[in-house]
Protein chains: 2
Amino acid sequence: MVTLVHNSIPRRIPCAKCPLANIQGFRKFTGEELEFVQSFKTGELSVEAGTTVLSEGSHSDHLYTVLSGWGFRHKILENGRRQILNFLLPGDLVGLQGSLQHEMGHSVEALSQMFLCVFERSRLWDLYRNFPGLAYDLTWLAAREERILDEHLLSIGQRTAEEGAAYLILFLFSRAERRGMANKSSMEIPLTQRHIADALGLSLVHTNRILNRLSRRKVINWQNHTLRIEHKKLVEIAGWVPDLDDDRPYI
Amino acid sequence: MVTLVHNSIPRRIPCAKCPLANIQGFRKFTGEELEFVQSFKTGELSVEAGTTVLSEGSHSDHLYTVLSGWGFRHKILENGRRQILNFLLPGDLVGLQGSLQHEMGHSVEALSQMFLCVFERSRLWDLYRNFPGLAYDLTWLAAREERILDEHLLSIGQRTAEEGAAYLILFLFSRAERRGMANKSSMEIPLTQRHIADALGLSLVHTNRILNRLSRRKVINWQNHTLRIEHKKLVEIAGWVPDLDDDRPYI
DNA sequence: CGGTTGCTTGAATATATTCAAAGTTAGTGG
DNA sequence: CCACTAACTTTGAATATATTCAAGCAACCG
């Protein structure tokens with residue numbers, strides 16, 4: 001299922017022409033950093049929707065940056081219940097945890113076709129020794145992920161099902177918007193209600209009823225794979241506080 | 001409420017005699033690192049139980065390492081509901097997130113008297129530039145926190161209340177044990193049921209019933225502030241998988 | 001003591017799950 | 001083009017899980 005890039009995107013994008021560089025709000029590399037990152041990068045990976053990119057408990061020699069497409073991180077209990085931990089969008093780093101520790105603590109699955117940049121774990125130490133700016137970025141990315149997880153924990157633990165759903169939708173929307181994958185009120189979204197349920201820790205049936213309630217009240221409109229939102233209403237329901245970030249780095 | 005150290009621990013512990021260094025499983029510094037950390041450290045802080053050490057939304061010029069005592073990180077919704085995100089024990093880093101980003105995304109409160117090492121945020125960049133090993137450690141610590149949060153998310157989202165409680169108790173126990181603050185089956189624990197409830201995202205009443213059920217079945221015994229556990233039974237209920245860590249760093 | 005904090009219990013209610021079944025949609029192959 | 005399948009969504013009904021409200025109890029502290 002895992003295949004090398006062959007068609008729509010050239011086999012090897014030079015980092016100088018990284019498509020992520022054009023996204024507003026993403027940090028720019030210095031010349032030396034760019035040169036290093038180019039050598040750190042050993043290839044590209046293309047996976048189809050539904051593919052498992054990394055498995056919990058495995059040990060990977062690579063880490064990745066999402067170039068395009070959607071994915072998610074998750075963990076599964078022995079009884080089969082699945083918790084979606086976070087969603088992955090372009091610019092997100094994949095597998096850092098597994099690179100620092102023995103094994104991956106979670107699995108990663110593609111929600112749409114994804115293109116990923118492949119980096120060599122073995123050269124991570126070079127990065128730390130010679131590129132403190134990039135090292136700082138890695139910590140920054142880990143700290144931001146921590147912040148997102150904090151917020152999700154707050155959502156699942158303390159918000160009502162409806163508030164949590166509203167929050168999650170706004171979260172996905174704002175992340176997509178920043179990457180130019182959504183406009184003010186509508187976006188293409190490759191999730192099913194099952195994913196929402198597993199991210200919120202709710203049953204599929206209950207999630208369906210909550211989403212329908214929001215639809216009937218014209219807060220959202222989710223059809224085919226496009227989601228339209230009434231931003232103002234959602235913000236009110238979710239108690240959303242926008243997060244003003246620094247220029248965000250990627251590698 | 002925040003006071004400088006004055007009595008039981010001397011005003012300034014030299015890093016060479018850091019009490020954390022004696023804890024088994026904690027990483028040792030090289031000579032140069034030690035020298036830097038000593039200069040990075042600008043003081044110590046002692047706080048009483050109940051003190052808020054850092055507040056969500058604030059901007060702190062310091063970061064901290066817990067030298068002794070218990071604390072917790074949390075976030076609060078406008079309606080007053082509180083989610084405990086994680087607990088803090090000796091060796092844990094406090095406020096890294098706030099040092100990398102504009103503001104703290106969560107608050108930190110002491111559960112017992114705590115002693116903390118105080119570091120200067122402004123010198124963080126020196127650390128990255130000159131001590132790649134320490135920089136790596138910071139990323140490692142952030143990645144480990146991420147892993148813990150992943151697990152908590154799994155717990156709250158997918159485990160039953162009883163499984164979640166069992167998991168949380170084992171989690172606290174294993175962390176305390178590694179620091180020599182617990183023996184095989186019993187420990188001093190400064191939490192109330194309110195803290196357990198807020199960490200699990202359950203109401204106080206329900207948490208009480210769940211804990212009593214575990215008590216009646218002789219799985220746990222929690223009286224005064226000491227907790228005794230039947231390790232084997234808890235592991236079975238929680239579906240606990242021990243995490244074999246590297247030597248863990250601290251700063 | 002009196003006041004506060006934390007634990008416990010019952011009863012009523014609300015929220016969410018499970019089970020079961022049917023409706024919808026998109027894709028596949030004859 | 002239709003029949004068929006698979007994946008996803010929707011609904012109802014029964015049940016389980018968890019919350020809220022209210023009250024009482026115990027321990028501790030000044």
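Only this structure's heavy atoms are used, side chains among them; waters, hydrogens and symmetry mates stay out. By convention in this document, chain letters (A, B, ...) are assigned in the order of the sequence lines, proteins followed by strands, and residues within each chain are numbered from 1.
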Protein and nucleotides 26-29 of chain D: nitrogen or oxygen contacts under 3.5 angstrom:
none

TODO: Return each pair, listed once, that meets side-chain hydrogen bond (donor to acceptor under 3.5 Å, both in side chains) where at least one residue sits in residues 200-210 of chain A; pairs must be two or more places apart or across chains.
DONE: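 Those involving residues 200-210 of chain A are Q193(A)-N208(A), N208(A)-N212(A).
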TODO: Determine which pairs satisfy salt bridge (charged side-chain N to carboxylate O under 4.0 Å, His left out) with at least one residue from residues 56-67 of chain B, sequence neighbours left out, and list them in order.
DONE: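 Salt bridge (charged side-chain N to carboxylate O under 4.0 Å, His left out) check on residues 56-67 of chain B returns E56(B)-K75(B).
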I need the [atom1]-[atom2] distance between [X] and [N], as an integer number of Å.
X: R159(A); N: dT15(C); atom1: CZ; atom2: C1'; answer: 18 Å
X: Q223(B); N: dC7(C); atom1: CD; atom2: P; answer: 12 Å
X: W222(B); N: dT8(C); atom1: CH2; atom2: P; answer: 10 Å
X: Q193(B); N: dT8(C); atom1: CD; atom2: C1'; answer: 8 Å

Open item on the list: More than 12 heavy atoms of other residues, nucleotides or ligands under 6.0 Å from CZ of R194(B): yes or no?
Closed with: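 Counting other residues, nucleotides and ligands, CZ of R194(B) exceeds 12 neighbours.
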Is the shortest heavy-atom distance from the side chain of [X] to the side chain of [Y] under 4.5 Å?
X: R175(A); Y: D92(A); result: yes
X: L172(A); Y: L191(A); result: yes
X: L168(A); Y: S155(A); result: no

Open item on the list: Tell me which pairs pass ring pair (Phe, Tyr, Trp, His ring centres under 6.0 Å) where either residue lies in residues 142-181 of chain B, with sequence neighbours left out.
Closed with: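 Pairs touching residues 142-181 of chain B that pass the test: H152(B)-F171(B), Y167(B)-W240(B).
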Task: cation_pi(R248(B), F26(B)) dist<6.0 Å, angle<=45 - done: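 The answer is yes; both the distance and angle limits are met.
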- [ ] Can you see which heavy atom on G69(A) is nearest to which on P90(A), and at what distance?
- [x]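 Scanning both residues completely, I find the closest heavy atoms to be O-CD, 3.5 Å.
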Open item on the list: Quick check: closest heavy atoms across S99(A) and L63(A), and the distance to 0.1 Å?
Closed with: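 Scanning both residues completely, I find the closest heavy atoms to be OG-CD2, 3.6 Å.
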Open item on the list: Under 4.0 Å, heavy atom to any atom of DNA chain D: which of residues 196-218 of chain B qualify?
Closed with: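 The stretch gives G201(B), L202(B), S203(B), V205(B), H206(B), R209(B) as the residues lying under 4.0 Å from the strand, ordered by number.
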TODO: Check each residue of residues 71-86 of chain A for a non-hydrogen atom within less than 4.0 Å of any atom in DNA chain C, then write out the ones that pass by number, or none.
DONE: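 Of all residues in residues 71-86 of chain A, none places a heavy atom under 4.0 Å from DNA chain C.
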